[in-house]
Amino acid sequence: MNNVLIIGGLGFIGHHLARQLQDDFFNVTIVDNCAPYTDKATYQQRKAIVEDITTINMNVTDVRATDFATSQQTVVHL
C-alpha cells in the first residue's frame, strides 16, 4: 500500500483528493493548518468527510523533513 501525505488536505481540492486516494486503497495522511480565510464551519464539514483519515493540524513551515519522510512514499503539496 502506498502511503500518501497531502499538505493542505483540508482545502477544497485536498479533501476531495484525500477521499479519492483512500477509496483507491492508498493510506492517506493530511497536514493542514486550517487557514483563517476559510470559515471554521467549512473546515468542520471537510474534517467530517475525511474523519477516518489521519489529520494533523500543523503549519507546513513547521514540518521537518524527519516528521514524515520514513513512512511516506508520495507527498502532494497543495
Exercise. Check whether any side-chain heavy atom of D24 lies under 4.5 Å from a side-chain heavy atom of Q20, and answer yes or no.
Key: yes

Quiz prompt | Candidates I7, T29, I30 - the one meeting side-chain contact (heavy atoms from CB on, under 4.5 Å) with I56 | solution = T29

Exercise. Give every residue pair that meets the salt bridge (charged side-chain N to carboxylate O under 4.0 Å, His left out) criterion with at least one member in residues 30-42, sequence neighbours excluded.
Key: none

Practice problem: Under the side-chain hydrogen bond (donor to acceptor under 3.5 Å, both in side chains) rule, collect the residues that match up with T74, sequence neighbours excluded. | Solution: N2

Quiz item: Taking only residues two or more places apart in sequence, or in another chain, which ones meet Q45 in a side-chain hydrogen bond (donor to acceptor under 3.5 Å, both in side chains)?
Solution: none

Quiz item: If Ile, Leu, Val, Met, Phe, Trp and Tyr residues are connected whenever their side-chain heavy atoms lie under 4.5 Å apart, and connections chain through other members, are V31 and I13 in the same group?
Solution: no

Quiz item: Do L21 and L10 share a hydrophobic cluster (ILVMFWY, side-chain heavy atoms under 4.5 Å, transitive)?
Solution: yes

Quiz item: How many angstroms lie between SG in C34 and CD in Q44, if you round to the nearest 0.5 Å?
Solution: 7.5 Å

Quiz item: Are V28 and I6 close enough that some pair of their side-chain heavy atoms sits under 4.5 Å apart?
Solution: yes

Self-check item: Atom CD1 of I49 with >12 non-hydrogen neighbours under 6.0 angstrom
Solution: yes

Quiz prompt | Q73 side chain reached by V4 side chain, heavy atoms, under 4.5 Å | solution = no

Practice problem: For residues 13-44, pull every pair meeting ring pair (Phe, Tyr, Trp, His ring centres under 6.0 Å), keeping only residues two or more places apart or in separate chains. | Solution: F12-H16

Exercise. Output all residues satisfying side-chain hydrogen bond (donor to acceptor under 3.5 Å, both in side chains) with N27, sequence neighbours left out; order by chain, then residue number.
Key: N3

Quiz prompt | D52: salt bridge (Lys or Arg N to Asp or Glu O under 4.0 Å) partners, not counting sequence neighbours | solution = R19

Quiz item: Taking all non-hydrogen atoms of both residues, which atom of T55 and which atom of K47 are closest, and how far apart?
Solution: CG2-CE, 4.1 Å

